[in-house]
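Letters A, B, ... are given to chains in the order of the sequence lines, protein chains preceding strands, and every chain is numbered from 1.
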Amino acid sequence: MDHHARKLFDEMPQLNCPRTVFSFNALLEAYLKSEKYDKIGGLFRELPPKLSIEPDLVSYNTGIKALCRAGLLDSAVYLMDEIENHGIKPNIVTCNTLLKAFHESKRFSEAESLWAMMEKRNIIPDLCSYNIKLTSLVKAKEVSKAIQFFEEIVNKGFKPDNFSYSAMIKMYVIKGNLEEVNMWYDKMTQNGCLPDVSTLTILISFACSAKKIDFALDLCKKAMNSRKAIHNTIMQRVVNCLVEHSKIENARELVKLAESYKSFPYELSLPLHS
DNA sequence: ATAGGGTTAG
C-alpha cells in the first residue's frame, strides 16, 4: 500500500493538512510495512529538504529498522552513529532494533557490546531488550540459559509479559515437552498474565499436535470469550482434530461459536465425510 | 508515532 500512502501524502496540501514530521514518519512506516526497504533512503533524500521537514529520532529509528530488515545491519549501525553526529541521540527503541538484528544474525558478541554500551550510556535495557535476548536463547535451544535468564528478568524487578512467557512456552513446544508447556502456561496465568493472540496460537497449535484436544478447545473458547481473533487456519485445525477424535458435537459447537463471533469472519467447515 | 513473541498441510 506504499503507493496509496505516497499519493495521500502528496495530496495533503490540497486537503488542507499541513505535512509535518509526523506525516513523514507515517509515510516511512507505510513503506516499511510494504517491505519497500530500498525506497526509504530516497524518501529521506527527497522529502525533508523539499518540505522543510526535519527528520526526528522516530524517522531515523524507522530508517534503521528498514536497513536491518533489508539485511544491511552494518549500514544500520552506521546510521545510528551518523545521526548522533547530527545531535540526535539514540534511545531504547534504536538499541532494541539493533539488538534484535544482531541476535538474528547470530552476531552475539556485537549484541553483548551493544548491551554494555546501553548500560554505560544510561539507555537502560527494558523488558523488550530482555525479551529479545530470551527469544534468542530459545531459538538457540539454550534451555538452561533461558531458564536462568528468565529468573534474571524477574530478579531485575521486571514483570514478565506475554512475550516472555511465549518464549518459554515456545521453547518447550520445540522440545515437545507437554508437562513444561503446561507448567509455564499455569505460571503465566498465576502471575496475572493473560495469554494474548500470539501465545494462544502457540498453545492451541501445540495442544493439537499433542492430541490434547480438550485443552485446545478450551483455549479457543477462551480466545473468543476475550475477543481475541485466532487465525482461521488454527481454528479449522482444532475443528478437524475434534472430528478426528470423534468429538463431533464439540466440533459443531466450536463452528457455531465461531460463526456467531462478530470480531472476525471465521469460515470453518466440518469435515464429516472425509 | 518508532522496538520484542505467533498459523498452515503433504
Donor-acceptor pair (no angle test) under 3.5 Å: A:N61 side chain, B:dA3 base: no
Checking B:dA1, B:dG5, B:dT7 against the side chain of A:E104 (C-beta onward), the nearest is B:dG5
Do A:D161 and B:dG5 share a donor-acceptor pair, side chain to base, under 3.5 Å? no
Could you state the atom-to-atom distance from NZ of A:K170 to C1' of B:dG5 in whole Å? 9 Å
Taking atom P of B:dT8 as reference, at what distance in whole Å does atom CZ of A:R237 sit? 5 Å
Once you apply a heavy-atom cut-off of 4.0 Å, does A:L28 come out as touching a base, just sugar-phosphate, or nothing? nothing
Side chain of A:S198, heavy atoms from C-beta onward: which of B:dT7, B:dT2, B:dG6 has the nearest atom to it? B:dG6
Looking only at B:dT8, B:dA1, B:dG5, the nucleotide nearest the A:F22 side chain is B:dA1
Between B:dT2 atom C1' and A:L98 atom CG, what is the distance in whole Å? 13 Å
Which of residues 201-216 of chain A sit near DNA chain B, with a heavy atom under 4.0 Å from it? A:T201, A:I202, A:S205
More than 12 foreign heavy atoms under 6.0 Å from CD of A:E54: is that the case here? no
So what does A:V197 hit on the nucleic acid, given a heavy-atom distance under 4.0 Å: a base, only sugar-phosphate, or nothing? base
Would you say the side chain of A:T62 and the base of B:dT2 hold a donor-acceptor pair, judged only by whether the two atoms sit under 3.5 Å apart? no
Rounded to whole Å, how long is the line connecting atom CG of A:N96 with atom C1' of B:dG5? 14 Å
More than 12 foreign heavy atoms under 6.0 Å from CD of A:E152: is that the case here? yes
Test: A:D2 and A:R6 ion pair at under 4.0 Å: no
Set of side chain to side chain donor-acceptor pair (under 3.5 Å) partners for A:N240, sequence neighbours left out: A:Q236
Please say whether more than 12 non-hydrogen atoms of neighbouring residues, nucleotides or ligands are located less than 6.0 Å from CE in A:M1. no
Please state how far atom CG in A:N240 lies from atom P in B:dG10, giving the value in whole angstrom units. 10 Å
Would you find more than 12 non-hydrogen atoms of other residues, nucleotides or ligands less than 6.0 Å from A:K212 atom NZ? no
Tell me what A:N232 touches on the nucleic acid: a base, only sugar-phosphate, or nothing, going by heavy atoms under 4.0 Å. nothing
With the side chain of A:D56 defined as its heavy atoms from C-beta on, choose the nearest nucleotide among B:dG5, B:dA1, B:dA3. B:dA1
Return yes if a side-chain donor-acceptor contact under 3.5 Å exists between A:N250 and A:D214, otherwise no. no
Within this structure, what is the CG-to-C1' distance between A:L219 and B:dG6, rounded to whole angstrom? 14 Å
Between P on B:dT8 and CD1 on A:I230, what's the gap in Å once rounded to a whole number? 12 Å
Give the rounded distance in Å between these two atoms: CD1 of A:I174 and C1' of B:dG6. 12 Å
Report the nucleotide, chosen from B:dG5, B:dA1, B:dA3, that has the shortest atom-to-atom distance to any side-chain atom of A:N162. B:dG5
Less than 4.0 angstrom between a side-chain N/O of A:K65 and OP1 or OP2 of B:dA3, yes or no? yes
Could you tell me whether A:T94 contacts a base, only the sugar-phosphate backbone, or nothing, with contacts defined as non-hydrogen atoms closer than 4.0 Å? nothing
OP1, OP2 of B:dG5 versus side-chain N and O of A:K100: anything below 4.0 Å? yes
In terms of side-chain heavy atoms of A:V58, which of B:dG5, B:dT2, B:dT7 is nearest? B:dT2
Among side-chain atoms of A:T199 and A:S166, is any donor-acceptor pair under 3.5 angstrom? yes
